[in-house]
Peer 1: 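Have a look at the structure that comes next, please.
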2 protein chains.
Amino acid sequence: MANIEGERAKHRAAQIDSIKRVASHLIAEKGADGLSLRAVAREIGVVSSALYRYFANRDELLTALIYDAYNDLGASVERSEARISRSDCRRRWAVTCRAVRRWARSHPHEFSLLYGTPVPGYRAPKTTIEAASRVVIVMGEILSDSTIASSHGRSVRRSRDVAAFLDVDGLARILPGVPEDFYVRALMAWTLIFGSISFELFGHYVGSVNSPGRLFDEVVEELGELLGI
Amino acid sequence: MANIEGERAKHRAAQIDSIKRVASHLIAEKGADGLSLRAVAREIGVVSSALYRYFANRDELLTALIYDAYNDLGASVERSEARISRSDCRRRWAVTCRAVRRWARSHPHEFSLLYGTPVPGYRAPKTTIEAASRVVIVMGEILSDSTIASSHGRSVRRSRDVAAFLDVDGLARILPGVPEDFYVRALMAWTLIFGSISFELFGHYVGSVNSPGRLFDEVVEELGELLGI
DNA sequence: AGGAATAGAGAGCACTGCTCTCTATTCAAG
DNA sequence: CTTGAATAGAGAGCAGTGCTCTCTATTCCT
């Protein structure tokens, strides 16, 4: 079972790769709605029913592509961030945020797939969530490092018991060393970064923002201050 | 031409109404992807080709529904905000933001239609943009009123020349009396309010936020402070 | 009253996701 | 090495989609 050397197993892996590659191109060109199994089959020179040997249905293929896209985004952001000196938290923060935006702008349809309207009912296989966390983890590390380094006494609003509405255990794993008072602001930063990019890509800034990139940089800086980075 | 009294004109208006009503229900139940012209036709007891007498294609019907949804959201938010004393800007701000969230949660598919992945290529007929502005206008008025009332000297980051990347004319119309230094923060607030709701509805808070409502309230308050409301 | 505009019916085209059956190939165990 | 099982793909077919075209009945306007 699952003989990795067999001719069949090899062919299978290659086919799955082909399917995902072609499907990925289709999505990049025409968006998730434009992804048609029949078009994929046509492209790789096979009849449409053959695809069902590899993916039970369209949603399953889409889920696989979502997983890959999260990993692509994550890897891209990790690479950019890794190039910056660990001690320069401000720059790490700015570079990380800009890397997210750059990926989003060069993969608009994939970004929509990840952060736009969810396509299936739910799309929360555990592996997907894990892949989705990669960007968040990078951001969390920066905040952690900066908090530890500066032990700043920056005033944070009266904290209220954050444990009442946040999953403090989960957040503590992403934000080690960061006081709970900061959790709300950290979530705000995460949300606003992706919210800004969505607003830009989805056209909501048309008519009020001429250079979304400049605004984004301002937002990143403002958030850096709010977080004490 | 356009005789509003004629039997035909009356029937036409009624049919358009029926179509939109049925289509709206379909979207509310199954989302924009689940909207099928044939299903609408079936429901109102007419053959599918007849619908093309009223809407040139699916996108045009969708655009009409988007327009209506923007207006429904706008009217709902305006109603809530109007109930608060004009002088109590903090409360007006909180109530307005909560009204947006309440509408979004009771109309999740419509919210996705407006603020999720854009469906056609572009959807920017002028009337739609106008309808979309209603919520923004309410928010802008609150910020204006609070700025004028308090003439606070709250410290805002070095301003940079905002005119270089924002449409200051357009923004000045929405934010009369608000100094340009605040424009970036105002845009941040707008973006974060809708970004938070998107993250909640699209499932990105699963695993880190237990009560999105509580988090939302915190965010609203934090934004209020950032804006000096 | 008669010609023009309109609403709807109905057939049809090209496309979709998906299922089912049937054949050819590879695999793995005797 | 052979033989029976597992697998990949082909091909037909079903039910659904958006949309177009033609044809008929009704309303409108002059």
Side-chain angles (χ1 to χ4, degrees), chain A residues 1-27 29-66 113 119-121 123, chain B residues 1-27 29-66 113 119-121 123:
Chain A
M1 77 275 269
N3 182 356
I4 203 139
E5 284 307 322
E7 203 162 326
R8 222 155 212 180
K10 250 174 187 152
H11 177 66
R12 183 173 184 81
Q15 286 290 66
I16 289 180
D17 249 43
S18 294
I19 295 170
K20 292 209 289 187
R21 208 190 53 248
V22 170
S24 183
H25 282 155
L26 273 179
I27 282 190
E29 281 167 22
K30 322 205 285 177
D33 283 3
L35 172 63
S36 131
L37 292 187
R38 293 183 112 109
V40 172
R42 234 175 284 132
E43 185 74 22
I44 68 177
V46 98
V47 93
S48 80
S49 62
L51 295 193
Y52 291 85
R53 300 281 174 197
Y54 303 96
F55 297 93
N57 50 44
R58 208 190 91 117
D59 279 359
E60 200 170 277
L61 172 55
L62 223 35
T63 301
L65 295 171
I66 288 172
L113 196 60
V119 198
R123 46 127 185 232
Chain B
M1 75 280 262
N3 182 354
I4 202 141
E5 284 307 323
E7 204 163 325
R8 221 154 212 180
K10 247 173 190 154
H11 178 65
R12 183 174 184 82
Q15 286 291 65
I16 289 180
D17 248 44
S18 295
I19 295 170
K20 292 208 290 189
R21 207 190 53 246
V22 171
S24 184
H25 282 156
L26 273 178
I27 282 190
E29 281 167 23
K30 322 205 286 181
D33 283 2
L35 173 63
S36 132
L37 291 187
R38 292 182 113 110
V40 172
R42 234 175 284 132
E43 185 74 22
I44 68 177
V46 101
V47 93
S48 80
S49 63
L51 295 193
Y52 291 84
R53 300 281 174 196
Y54 304 95
F55 297 93
N57 49 44
R58 208 190 91 117
D59 278 0
E60 200 170 276
L61 172 56
L62 224 34
T63 301
L65 294 172
I66 289 172
L113 196 60
V119 197
R123 46 125 184 231

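Naming: A, B, ... by sequence-line order, numbering from 1 per chain.
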Peer 1: Taking CG from A:Asp33 and C1' from D:dG18, how many angstroms apart are they, rounded to a whole number?
Peer 2: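 Checked: the CG to C1' distance equals 14 Å.
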
Peer 1: Quick one, B:Phe55 with B:Thr63, criterion side chain to side chain contact (heavy atoms under 4.5 Å, CB included). Give me CA distance, side-chain angles, the key distance, then yes/no.
Peer 2: CA-CA 10 Å; B:Phe55 297 93; B:Thr63 301; over 6 Å; no

Peer 1: Under 4.0 Å: is that the gap between some side-chain N or O of B:His11 and OP1 or OP2 of D:dT26?
Peer 2: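 Result: no.
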
Peer 1: Using the closest heavy atom to pick a nucleotide of DNA chain D for each, name whichever of A:Arg12 or B:Tyr52 lands nearer the 5' end.
Peer 2: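 Comparing both residues, the 5'-ward one is A:Arg12.
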
Peer 1: Using modelled atom types only, decide if a donor and an acceptor are shared between the side chain of A:Arg42 and the backbone of A:Leu37 within a distance under 3.5 Å.
Peer 2: no

Peer 1: Rounded to whole angstroms, how far apart are CD on B:Glu7 and P on C:dG8?
Peer 2: 12 Å

Peer 1: Is the phosphate of D:dT17 approached by B:Ser36 (side-chain N or O, under 4.0 Å from OP1 or OP2)?
Peer 2: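 Yes, such a contact exists.
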
Peer 1: Would you kindly compare B:Arg38 and B:Gln15 by the position of their nearest DNA chain C nucleotide and give the one closer to the 5′ end?
Peer 2: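 This one resolves to B:Gln15.
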
Peer 1: Between B:Arg42 and D:dT17, is there a side-chain N or O to OP1/OP2 distance below 4.0 Å?
Peer 2: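 It does, given that an N or O in the side chain of B:Arg42 lies less than 4.0 Å from OP1 or OP2 of D:dT17.
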
Peer 1: With nearest nucleotide decided by heavy atoms, which residue, A:Val47 or B:Arg53, maps closer to the 5′ end of DNA chain D?
Peer 2: A:Val47

Peer 1: Has the side chain of B:Ser48 got a donor or acceptor that lies under 3.5 Å from a partner of the other kind on the base of D:dG18?
Peer 2: no

Peer 1: Heavy atoms under 4.0 Å, any strand shown: does A:Leu35 hit a base, just sugar-phosphate, or nothing?
Peer 2: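 Answer is sugar-phosphate: A:Leu35 comes under 4.0 Å of backbone atoms only.
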
Peer 1: Any N or O donor-acceptor pair under 3.5 Å from the base of C:dT16 to the side chain of A:Arg58?
Peer 2: no

